[in-house]
There are 2 protein chains.
Amino acid sequence: MTDRRPTINDVAARAGVSKSLVSLALRGSDKVSEESRAAILAAAAELGYRPNAAARNLADRRSRTIGVLLHDLHNPVFAEVLDGVQEITRQRGYRTMLVTGHGDPEREESELAGLLEFQVEGLILISHRLDPEVARRVARERPVVIVLRHDITGPGISTICTDDRAGGRAATEHLIGLGHSRIAHVSGGDSPIARDRQAGYEEAMTAAGLGADVLVEPGSFTEAGGRAAMLRLLERAPQATAVFAANDLSALGALGALHDTGRSAPADISLVGFDGMSLAALGSLRLTTMAQPLTRMGQLAAQRLFERIESPLSRTQRDVVVSELTARGTTAPPAA
Amino acid sequence: MTDRRPTINDVAARAGVSKSLVSLALRGSDKVSEESRAAILAAAAELGYRPNAAARNLADRRSRTIGVLLHDLHNPVFAEVLDGVQEITRQRGYRTMLVTGHGDPEREESELAGLLEFQVEGLILISHRLDPEVARRVARERPVVIVLRHDITGPGISTICTDDRAGGRAATEHLIGLGHSRIAHVSGGDSPIARDRQAGYEEAMTAAGLGADVLVEPGSFTEAGGRAAMLRLLERAPQATAVFAANDLSALGALGALHDTGRSAPADISLVGFDGMSLAALGSLRLTTMAQPLTRMGQLAAQRLFERIESPLSRTQRDVVVSELTARGTTAPPAA
DNA sequence: ACGATTCATTGGAACGTTCCAAGACGTCTG
DNA sequence: CAGACGTCTTGGAACGTTCCAATGAATCGT
């Protein structure tokens, strides 16, 4: 870039007016004469003028930007939530600044710091792994909405999530309702969400008098984790006729494990996932799942955030959305 | 936010030094005495000081940020490219600003304008639909690297892509090599990439003396498009034993269509995709595909971009990476 | 025909940083 | 002991905007 970019002063000089008037005209003020407006617009176009967002943000003391931290972009679940967030954000004329932390709390914290330096006006954290104390500290600076995790509370923090325990219960009851009794659970590890979904499973089993059959195989919310867990399960509990996997991604891994060992769902084993990511509906997968309204959750998150951006003193909210069992092709009554 | 955030002046006052020294200390200069440094760091921590990125960018006249425009976040292909981009970007101490255009040229252009207002130092366009003239205009302002599309050239534009025509040929040859002759193509519509892949298909067919069997069913690079195209194909060409789909996502749709009509791959029809998105390897899908080195392409894109950011006069590059046929579970010789 | 009112326009201060030339204070050299 | 040099520190200008109070010009009512 040898030549400096044109500034508002260059435009003003060319149009023969003051920089203030250029500023006004470019932002569409109605107190600029038609004549000046035309001259200014023409000058700006000829010079290829672009406003400098850094200068504008500095002068305004606002960035019209919200920050979104998410786990990663590979799990399509996050993309769906993000769609909802961006829809609302665009409507409001804000932009979204997106960072990923890959589940590493330190990295997440540093990405968050970057967002705050950019003067984002609010933050949406989607499935993060931050230390609760860090989240609370951030919430003292800016409104925060946490999506898909409900265990962190504090002033300035709103949450959007589903009732994971009830969901785990419903998923399990679906299998029980089909006639299964030897139902195992591929868990999602020790995250709060995973624990809730597992608790729901255990509750449903106990309530149905199947407490003795509770069988949990630890997984990790990933495809690989689900695959490995399912393989271990097939060894350890060959009598199982159904599996509830803690999320769709690990359910897909489990499905792969079944496939690799010459089995299939629901013929050999019925399988239910959790999340409702649209890819899992796809093609030959047709995964039965507890579907969360992901895009809706994203919209709601953004709405709640803007409420607090606009009136910082308004109360934080805890929204619980309902998930619904979506029966597709991987569950059926047990083979006789 | 009733109370103003602390600035560098507040830190300076508290530490009993000048703002200049605070600025130096916070950026790790070695010409600050240990004593001052400690006082400054302590004061900054006590106040919860965060540098204001807008002010910094304005003063430096650089943002240490690159902009990435991508189609959307649902196709996991883009997430994989992005991983590569972000890896390099992080290494350089830059941040990435991510926007999506959802294939709408106007929206893409407006998102791009936003990035340029933020003074991004360079741009990576992943599978965009911009008007070539717009892309060239932008490239006059900032270095641009285009990934997954090679038809736009001009000063300031580098490209990273694979040889889509050769890839289309290789995918088709794989099917021919397995003994198929009635091979159809589910195309990706009329984008340049789609046209190249289709041309490769036609070349391979013709070269194998199967020119008369060329059969193209228009699709759209989406799951729904692939599904619909496959359904039409089953009506229109029941004799086909193999299909080359223009990308993995539409191949997955095609797979779903097969499934829905009581068929499967490769038993009834062999199926090859294109892209190499990791989700398609997953579970029971095991899609055979022409795999592009997606993450590598992202890394390369970022490297090329930084070369041009660092020496703006260096030449732009056109990198062509090789894709490889990855035979998984959806292709086999035709049924006897 | 004159003050009041409206309208379009202006210059300057602010926003929070970085950079630069220059200053204060010691210490060394001969 | 004067001058040169080093180290640490400083105030002020710049970056490109927006906002505000003030200005000048035109129009109005009486």
Side-chain angles (χ1 to χ4, degrees), chain A residues 1 3-41 43-44 47-65 93 114 116-121 141, chain B residues 1 3-41 43-44 47-65 113-114 116-121 141:
Chain A
M1 313 297 107
D3 42 354
R4 211 172 42 74
R5 319 187 97 195
T7 74
I8 201 172
N9 287 303
D10 301 320
V11 176
R14 176 156 199 147
V17 297
S18 71
K19 65 175 181 4
S20 305
L21 199 61
V22 174
S23 173
L24 248 21
L26 258 24
R27 281 174 302 148
S29 159
D30 57 351
K31 44 183 61 173
V32 176
S33 70
E34 270 318 310
E35 196 191 343
S36 303
R37 181 188 311 283
I40 289 167
L41 259 31
L47 293 172
Y49 169 71
R50 292 201 192 272
N52 180 323
R56 189 211 313 264
N57 292 170
L58 187 59
D60 274 10
R61 253 149 319 168
R62 53 185 304 202
S63 59
R64 295 177 180 279
T65 300
L116 288 165
E117 291 183 8
F118 251 97
Q119 313 295 108
V120 294
E121 297 180 25
E141 299 185 50
Chain B
M1 310 294 108
D3 43 355
R4 212 173 42 75
R5 322 187 93 196
T7 74
I8 201 173
N9 286 304
D10 301 320
V11 176
R14 177 157 199 148
V17 297
S18 73
K19 65 175 179 9
S20 306
L21 198 61
V22 174
S23 174
L24 286 177
L26 257 25
R27 282 174 302 147
S29 159
D30 56 351
K31 43 184 62 174
V32 176
S33 70
E34 270 319 310
E35 198 189 342
S36 303
R37 181 188 311 283
I40 289 167
L41 259 31
L47 293 173
Y49 168 72
R50 291 199 194 272
N52 180 323
R56 192 211 314 267
N57 292 170
L58 187 59
D60 287 9
R61 253 148 319 168
R62 53 184 305 200
S63 60
R64 295 175 180 281
T65 300
L116 288 165
E117 291 183 9
F118 251 98
Q119 313 295 109
V120 295
E121 297 180 24
E141 298 185 50

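Per chain, numbering begins at 1; letters A, B, ... match sequence-line order.
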(message) Could you measure the distance from the CG atom of A:Leu21 to the NZ atom of A:Lys19? Nearest 0.5 Å is fine.
(response) 10.5 Å

(request) Could you pull out all residues at least two apart from B:Ser33 that satisfy side-chain hydrogen bond (donor to acceptor under 3.5 Å, both in side chains)? (result) B:Ser36

(message) Could you check whether any side-chain heavy atom of B:Asn52 comes within less than 4.5 Å of a side-chain heavy atom of B:Thr7, counting everything from C-beta outward?
(response) no

(message) When you compare the side chain of A:Arg61 with that of B:Arg4, does any pair of heavy atoms fall below 4.5 Å?
(response) no

(request) Ignoring hydrogens and angles, tell me if any N or O in the side chain of B:Gln119 forms a donor-acceptor pair with the backbone of B:Arg62 under 3.5 Å. (result) no

(request) Could you encode protein contacts along nucleotides 12-25 of chain D as a string, one character per nucleotide from 5' to 3', using B for base contact, S for sugar-phosphate-only contact and - for no contact, with a heavy-atom cut-off of under 4.0 Å? (result) B--BBBBB------

(request) Name the closest nucleotide to the B:Ser33 side chain, picking from D:dT10, D:dC8, C:dG11. (result) D:dC8

